[in-house]
Structures are given as structure tokens and as C-alpha cells.
Amino acid sequence: MSERRKPYPFDRIEPKWQTIWDQTRAFHAPNPGEEKFDPAQPKYYVLDMFPYPSGAGLHVGHPEGYTATDIIARYKRLRGFNVLHPMGWDAFGLPAEQYAIKTGQHPVVTTRENVAKFKTQLKRIGFSYDWERELNTTDPAYFKWTQWIFLQIYNSWFNPETKRTEPVSTYRGGDPDIVRLAYVAEVAVNWCPELGTVLANEEVIDGKSEVGGFPVVRRPMRQWMLRITAFADRLIDELEGLDWPDSIKALQRNWIGRSEGAEVDFKLGDSQKIRVFTTRPDTLYGATYMVLAPENPLVDQITTEAQRAAVRKYREEIASKSDLERTDLAKEKTGVSTGAFAVNPANEERIPIWIADYVLMGYGTGAIMGVPAHDARDLEFARKFDPPIRLVVQAPAGHESLGFVGHGVAINSPLLDGLPSIEAKQKITAWLGENELGARSINYKLRDWLFSRQRYWGEPFPVIWRDGKHEALPESELPLEPPALEDFKPTGTGEPPLAKAKDWIRYSENAQRETNTMPQWAGSCWYYLRFCDPGNSTHFVGETPERYWMGGGKPGGVDLYIGGVEHAVLHLLYARFWHKVLFDLGHVSKPEPFQRLVNQGMILGEDGRKMSKRWGNVIDPLDVIEIYGADAFRCYEMFMGPLEQMKPWSMKGVEGVSRFLARVWRLIMEENQAGEWILSRSVQEAEPDKSQRKILHATIKKVTGDIETLSFNTAISQMMILVNALTNAPVKPVAVFRTLLLLLNPFAPHLTSELWQTLAEKFPSASGEITAQRWPEYDESFLIEDEIEIVVQVNGKLRDKVTVALDATDAELEAAALANQKVQNALAGKSVRKVVVVPKKLVNIVAG
RNA sequence: GCCGAUGUGGCGAAAUGGCAGACGCAACGGACUUAAAAUCCGUUGGGCUUAAACGGCCCGUGCCGGUUCGAGUCCGGCCAUCGGCACCA
């Protein structure tokens, strides 16, 4: 690149201040009891979603949220808070392992290199992280505690009576293995042959793996599960007290998918019965057939001899399909009769039992009652297979009752006729209860968390197997490090790569180690806790630092958490679950991890497309910083638009913001004959004039308020307005600039630090570095004017503006408005009907 | 299909129910310069009126309606785009 003249010497001052900050430990936050800790100050914990350090390095999307949190961190420090603002690395995971398989380079090596690259980039942007708290999920000193937390989960159960996690020792029902929060089960898992591993439901998108996009098939395997479903209600209810976007709360509620209804038993013969779950027990009289999921074990017992062959064939067809195919073919309902009949408990009718793949084994009881008149899927099925259709809900006027799925009035239902659906539900549920035919019931879409992976690059389970039973490893044997494997390719059989480490597996004469590893989510489920006390070698987090940093009057501990919306249901749900377990067991002080959550919007390429190698529109922050400097980069990221919004990158926009910063520089600095930057002679110890003072205080007010609401774009706009107003002032009062520099400091820390220092050398009226100052306060009295401009409207349309005294009465305002020439013109030929006066704002004359 | 978000100049955007388009980009004009860059100053939603300037008038926040003295903002109904879930009984 040619020697391009810099608008101001950011290339000199930015590295200078970054070095100073490092050397003075400027952003180190001491823990309670440590040297320099000030207990008189309130705490503020502002957290980023820590990155997975990929080989590609950061692109400009990553630092958007990081810049926002950095502004908040620097602002809160100036406001006198003890600020915890840490950064670390979520470094276990599939990409490093895939890369290792391709290149033969060990994940430890690639992880180290990638972390170094990320860290260089982040440091060059000037983020004020407390790097002394840096952590890495692949560090044995860290994952020792990930494994320790797993043991807490393993050794716990959810007591449905107390609705809390308790040690398994309090379980009185016999074998504790059946209630542990971590358990082994033979489940139909998402097996991805290409990746050689199973995946969580959340990692499968449209029947393909989220990583790589490879096909995923259902396959029964023995897996570790975490009993997150026990916490479903709490995970929904306790969203209430959190300052999260409603859309994210909705996403989580949706994912958990709580639905209330009833379970109803349909008798088969004298002793057998089939239980169904329904949200519409009020339509029981309309149930004219039943459907079982093809996988339902009852199918074998009830199928008649005549239907056996057809049923077997159908089940084989279904089994050979992937989930994708199964849902893809949803357009056309399929099914086979079992030949068996059940009895509708409401009217004692004999109804046929079918199997069909639109009924899922994994939800409810794996069986439904078919109410074709009032369920879209059942109606579709009925149109093909012809069971009777009976209307049992009268739709409101204007709606067709056949196919009506909303609430109406019960008909053709002797016990319920005339009742609105909601009352009918209550009545029939009570009736079912009295006759021991059913009961109220709640179902969730949320499934237990499939927690094991057949991978190398993850935390090994601290578990051994003896005589076919699992046992916890003693705490003293943690961390359990993975074996040093040369070959960590998937075995292809579903057996984990760790199985290749024969010596490692052998725990003792008769015990072997578990060979699965934990999923990538494990490390990120609790990293925010470790940041409170990252060096602790005896506890996962010390009680005092946890209480301090995670404290406060709200349910959640982290005061502000910013990250991408892609983690709305994965990371955020898992972390809340772990946190609740730790809370119940008394290891942490708050029921929720994150009090205030904000999702930054994605930054698109200049072409409006998602940034990706494929489109060649990826922007590297370091390239931008090379040309415009880190301060301009930071300010542009915030000036683009609202933080939460998706928005396209624009180099021209960076240039505009860079011009603004250069103007700030030149307000204070000028070039001498030799081409050196020196303090401008117009900067003087002087009183600001009235208009300068007014705009300055208006700016303090606006910027302060905007930072609190994360409206950084408008905060920058206001500072631009201030700078524009000062540009041609012949005398530039130092005090005005000091305030401007403080307001701008969180956004452009290097530039403002340098200018602050330059001013301090010449004018000793302020001492210490800018980071040691206090945030400016505004004085409302400077914002008030003697005269104000009032808008005058006729019939709501702007006609003119008049200037009146601040304390003008309503009558004076009205008189001034009516006397206005333009108003008179507009009123010509009309009579005034009414006059609306809004004090200090406007007068609206209604005429006709 | 269900849930959620978003629709404002050429572009990114701003506006406690009270002056729509702040601030920035781009464009155009001017100053400075031998010239350019940089910098500084100004114009810039659309249309009509006027010889021109000044001025004046009308229209305009996805569409249709409503509430209100007054709606980008509140309410109802549509349309479009994006995101999530999706045979969940």
C-alpha cells in the first residue's frame, strides 16, 4: 500500500496506549480482599459470548458485540464501578478436530495458534479486557471443573416434591441410577455417519448436521443424557425476572413447548388400555379412531393376525427413512390398520386402532385419539382412510365447524353440550378423574439433553464402568485428561476414538473408562462463573468472588451479556439448566446466570449478503484498522445503526467516522512548520460561552442516556453535532474539550487518552490519566433558554413557528399564534372552533 | 401453518402521540490551491407556482381503515421481507 497520509497519527498513538494499558494493568479487576480492591464501589459484570477460535480469525461481525460491551465496561469504570470484563476461548469442538484429521496437526497445536491470532486481533482493537482472567475450555485446569460439575449433576436427582435438585443420597426409592440427572439410556439418536458421531437435536437442522451439513439418521445407541426436562417449568417460569428481549424469551418458551391437556385411557379388552395425551379433552366424543406411533411397543401386542404382515411392512418402511424423509413426505398421510379396536370412554363406542407415522413415539404417550372434525392432521388422515367424522365443537358464527380447531361450544357430547370449550375441558377432565379414566397432564417438546459425543477433542467423562455399571471417578482423580492419541479419526462403527487408547481405557483389573466425550456446550455452560475466580485450584469458583461478581438484587448474576441470536436456545438454555443445578446444590448464589441479555445483529458484506468466503465479501478488522485506525473501526461499528439490527458494512461509512475523529484531533492539535502536531493555540483556559455550554450539557445528557440504552449510534451523532458546533470557535475552552474527551473515551479510547495527556501537559488544571477520571454530569439549568420556539398548526398542519418567552402563559401563546400572518391566511373564511395549547411545544388551531 | 422481528430519501439511519428525514454516506456547488488531494462553507424527499430570486402551495414514513385537535408512533385488517419452530396431538 502506498504511503497514505494519515488524517491523524493513530498508527503511533494506538499501539502506545495499548502498551501503557498492558504495563499498568489498567483494566485488571481485583477480587474482594485483593490488593487495590475497593469495596465501596458497586460491581458491574459485563460479558461477551466467548468465541470459538477458528483458523480464519475474526471478521468484523465478531467485534460488534465486543465493542458494545467494551464501551459499557469503560463507561461503567468512569462511573465508579468495579467492572468485570473478561475474555476467553471456547476451544473444544469439531472444527479443530476435523482440521486435525485433514492435516494431521494436533488440535492442541491448532488451538494454540488460533487463540494467538484471535488475541492479537482483539488487542489491536483496544478492548479493555482483564486479560489476567483469560481462560480456555481445553486447559486441564479449566476442564477439571467442567468434569467436577458433571459429577455434581451425576450425583444429583430432581425431587419432584421440592422441585429442586438434591443429592442422590436423599432419594428413597431404591436404585438411584434411575433418577440421576446424568443417566445412560438406549435412545434413538441423531447419528451422523459422515462426522462419525451422534448429535443433539439442536445440532440437527432439516435432517442435516449443523456442522458440515451431512445427512443424519436415527439409530438406537446407548448414550449419556442429562435430565433437563425436569427443569422445564422452571426454565419457562424463571424467564420472567430476566431483562431479555421478549423474542428470545418466546424462542425459549417455544423450544420447551409446554402444553397443558389430559391423558385419557382407552380400553382395549378387559385389562389392556392405551393412554393418549390430548390438549383437547373436550373433543373426546369426536374421537372416532386411534393412532399409535409405528414404533410404539404396544403395536406388537394388539395387531391382529390378519394385519400382521401389513403392519410389519409399514413399520419397516418407516424405520428405513431418515427424519428428513419422514417429515418431507408429510404432505400425504400414510398409515395401516392394526385390526384392533379400543373403546372411547366417553360414549363406549368401539373405534379402530391404526398406526401412522404422523404420530411420534417421542412425544406424549406415542398414541393419539383421532378427532377428524377438529384437528387438521386427523381430518387429512380421515379424508384418506374414511373413519367417521363427528362434529363436537360448534364454531362461532362465520366459521365452518368442520375442521374448526379453535374454541367454540360443545355439541353432540352428552356430558358437555352447550359448554364453551374451556369449561368443557375442565368438566370432562374432572369426569375422567372421577371415573379413573384419565387426568390432567402436561407435556413438553423439550427432550432430555443428549450429552455424549463420539469425538476426541472434548472433555472425557469422569466415569468408569465396572460389571456393566457406571461409577463416578473420585474427585481426586480430576482432571481426567484425554489420552495422547496419534490417530483420532472416527472409528466409523460408532465407537468413540478414545476406544483406541487401550492403556488409557484400562482403569483397573475389572474397570474401564468411559470413552465418550462431552459436547462443546459443556465448557460454555459455566465459563462466566470461572471468570469470577479463574485461578482457583481448590474450587470451581470461590464463594466470595462468586457472591461479589454474580451478586446484586436481581435473579441473574451477569449484569449484561451480549452475543449472537444463534445461541438463543442452545447455549442459553443449557447454561441456565446447569446454573439451576449448581444453585439448588448451594454452589452459586443466584438462580439465573444472565440478568440482561442483548443480541447484536449480523453485519452483512458491502453487497448486502452474509459475509462468507464464498462471496469474497469478508472484511478483516485488521485491514480496516491499518487504514483508519482502531478508534475509527470501533466508532463505525457502533455508528452503523442499532446494535440489535442486521446491517451491511460500508467502507465509506468508516471513512466518514474517521473524518469525525480527525476533526476532534484537529480541534485540539495543529501542524507546525515542521509538519509536527502541536497543541492548538486557540485551546485556552477560558469560560465557554452560553451556546457552547448549552450544547455541551445537552451532549452529556444525550450520550449518557444513550449509552445506558445501548443506543451508541445516536450517542455518536450527538458528539458529531457538538464537534461541528465547536469547529470554528475562535477560542476553545479546555474544560469543554475535557468533557468531550471523557464522553468519547469509551468509543475512541486511544485518541482521547492521547489528547487528554496533551492537554494535561499544557494545562495542569486536571491530573491523572483519562481512565482515572469521573464521568461528567450535566446541569439541567444550562439547557433552559429564555425564549423558546413554538410550533403553530392549523388543523394539525404546520403553518409557522413563533418565538415566545419561556414562561408565556397559554393565553399568551394562543394570542401569539392567532396574531401570526400565516395563521391568519390559513384561517381566511373559517371560524375558530377550538385551540389546543401544549405548553412549551405548540399551538394547534382547529377551524372549519 | 404457528411464533417473533422489520418495512421512513439515492444509501446507513433519526424522531417521550406534537416541526418527518437529526447525524453520517453519496451527489452537486463554492472557498483555498498553478492543479489535485486534504480541509472548510453551502445545497440536496417528491411535485406545483414564479422570467428568476424571495416567497407561496400540495403530496410524502409498505397498503386499507379507525382513534385523536394532531399518527412514522396507538388500535383493527391486509401485503412484503427476514429469523425461529414445524405432523408436538
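Reminder, nothing fancy here: chain letters follow the sequence lines and each chain counts from 1. Only this structure's heavy atoms are used, side chains among them; waters, hydrogens and symmetry mates stay out. These figures come from a predicted structure and were not determined experimentally.
Between the C1' atoms of B/C87 and B/G12, the separation comes to 43 Å (whole Å). For the C1' atom pair drawn from B/G9 and B/G45, the interatomic distance equals 5 Å after rounding to whole Å. The separation of B/G55 from B/U43, taken at their P atoms, amounts to 12 Å, rounded to a whole angstrom. As rounded to the nearest Å, B/A22 and B/C75 have C1' atoms that lie 29 Å from one another. The same atom, C1', is picked in B/A36 and in B/U49; the two are 42 Å apart, to the nearest Å. Distance noted for atom P between B/C28 and B/G46: 16 Å (whole Å). The gap from the P atom of B/G72 to that of B/G60 amounts to 10 Å, rounded to the nearest Å. Comparing B/A13 with B/C23, their C1' atoms are spaced 8 Å from each other, to the whole Å.
Summarising the base pairing, B/C63 is matched to B/G77 through a Watson-Crick or G-U wobble pair whose two defining distances lie under 3.5 Å. Pair check for B/G4 finds B/C82; Watson-Crick or G-U wobble, both atom distances under 3.5 Å. B/A36 makes up no base pair with any nucleotide shown, lacking Watson-Crick or G-U wobble contacts both under 3.5 Å. Look at B/G55: its Watson-Crick or wobble partner, with both distances under 3.5 angstrom, is B/U49. The nucleotide B/C69 finds its pairing partner in B/G18, both defining distances of the Watson-Crick or G-U wobble pair being shorter than 3.5 Å. Look at B/U43: its Watson-Crick or wobble partner, with both distances under 3.5 angstrom, is B/A27.
For the residue pair A/S259 / A/N443, no side-chain donor-acceptor distance below 3.5 Å is found, with atom types taken as modelled.
Note: CD1 (A/I274) to C1' (B/A89) measures 15 Å, nearest angstrom. The distance from atom CE of A/M602 to atom C1' of B/U81 is 14 Å, rounded to the nearest whole Å. The separation between A/W255 atom CH2 and B/G84 atom P is 11 Å, rounded to whole Å. Taking atom CG of residue A/D375 and atom P of nucleotide B/G1, one finds them 17 Å apart after rounding to whole Å. Put simply, CZ on A/R275 is 16 Å from C1' on B/A89, counting in whole angstrom units. Here B/C87 presents its P atom at 17 Å from CD of A/E332, a figure rounded to the nearest Å. Distance A/K384 NZ to B/C87 C1': 14 Å, rounded to the nearest Å. Atom NZ of A/K701 is separated from atom C1' of B/A22 by 17 Å (rounded to the nearest Å).
B/G45 has its base anti relative to the sugar, with a glycosidic angle deviating from 0 by more than 90°.
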Item to check | Nucleotide-resolved protein contact map, nucleotides 5-10 of chain B, B/S/- at heavy-atom distance under 4.0 Å | outcome: ------
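By the 4.5 Å heavy-atom criterion applied to side chains, A/T288 and A/I389 are not counted as neighbours. Contact annotation: the side chain of A/R799 never approaches that of A/N825 to less than 4.5 Å [non-hydrogen atoms, C-beta and beyond]. Side-chain contact between A/Y636 and A/E655 is absent, with no heavy-atom pair separated by less than 4.5 Å.
Of all nucleotides listed (B/U16, B/A89, B/G84), B/A89 comes nearest to the side chain of A/I368. Distance from the side chain of A/N844 is smallest to B/C69 among B/A14, B/A89, B/C69. Set against B/A20, B/G18, B/G84, the side chain of A/L251 has B/G84 as its closest nucleotide. Here the nucleotide nearest the side chain of A/K647, chosen from B/A13, B/C69, B/A89, is B/A13. For A/R799, whose side chain is taken as the heavy atoms from C-beta onward, the closest listed nucleotide among B/C23, B/A26, B/C58 is B/C58. Each of B/C40, B/C3, B/G24 was ranked by its minimum atom distance to the side chain of A/T727; first place goes to B/C40. The side chain of A/Q793 has B/G18 as its nearest neighbour among B/A89, B/G18, B/G84. Residue A/R663 places its side chain closer to B/C40 than to any other of B/G18, B/C19, B/C40. Distance from the side chain of A/A250 is smallest for B/C3 among the nucleotides B/A14, B/C23, B/C3.
The side chain of A/N724 places an N or O atom within less than 4.0 Å of a non-bridging phosphate oxygen (OP1 or OP2) of B/G24. The side chain of A/N713 contributes no N or O atom lying less than 4.0 Å from OP1 or OP2 of B/C23. OP1 or OP2 of B/C69 has at least one side-chain nitrogen or oxygen of A/K834 nearer than 4.0 Å. In this structure, A/R666 does not reach the B/A38 phosphate: none of its side-chain N or O atoms is under 4.0 Å from OP1 or OP2. When the side-chain nitrogen and oxygen atoms of A/R659 are compared with OP1 and OP2 of B/C23, none of them lie within a distance under 4.0 Å.
For A/Y289 and A/F385, the gap between ring centers reaches or exceeds 6.0 Å.
The nearest heavy atom of RNA chain B to A/G641 and to A/T365 marks one nucleotide each, and the one closer to the 5' end goes with A/G641. Sequence order on RNA chain B of the closest nucleotides to A/K797 and A/M369 puts A/K797 first from the 5' end.
Under the salt bridge (Lys or Arg N to Asp or Glu O under 4.0 Å) criterion, A/E780 pairs with A/K701, sequence neighbours left out.
Counting non-hydrogen atoms under 4.0 angstrom, A/P245 reaches nothing in the nucleic acid. As judged by a 4.0 angstrom heavy-atom cut-off over every strand, A/V838 is placed among the base-contacting residues. The residue A/G364 sits apart from the nucleic acid: no heavy atom pair falls under 4.0 Å. As judged by a 4.0 angstrom heavy-atom cut-off over every strand, A/T278 is placed among residues touching the sugar-phosphate backbone only. A/N795 comes within 4.0 angstrom of no nucleic acid atom, judged by non-hydrogen atoms across all strands. Residue-level contact check: A/I721 touches the backbone only, with heavy atoms under 4.0 Å from sugar-phosphate atoms and none from bases.
In this structure a side-chain-to-backbone donor-acceptor pair under 3.5 Å is present from A/N344 to A/A287. Between the A/K647 side chain and the A/P642 main chain, a donor and an acceptor come within less than 3.5 Å of each other. Judged by distance alone, with hydrogens and angles left aside, the side-chain atoms of A/R275 form no donor-acceptor pair with the main-chain N or O of A/A367 at under 3.5 Å.
In terms of polar N and O atoms assigned as donor or acceptor, the side chain of A/K652 never comes within less than 3.5 Å of the base of B/C11 in a complementary pairing. In this model, a side-chain donor or acceptor of A/K801 finds a partner on the base of B/C19 within 3.5 Å.
Around atom CZ of A/R609, more than 12 heavy atoms belonging to other residues, nucleotides or ligands sit under 6.0 Å away. By the 6.0 Å contact criterion, CD1 on A/I784 is enclosed, its count of non-hydrogen atoms from other residues, nucleotides or ligands being greater than 12.
Between A/F404 and A/H399, the ring planes lie tilted relative to each other; the angle falls in the 30° to 60° range.
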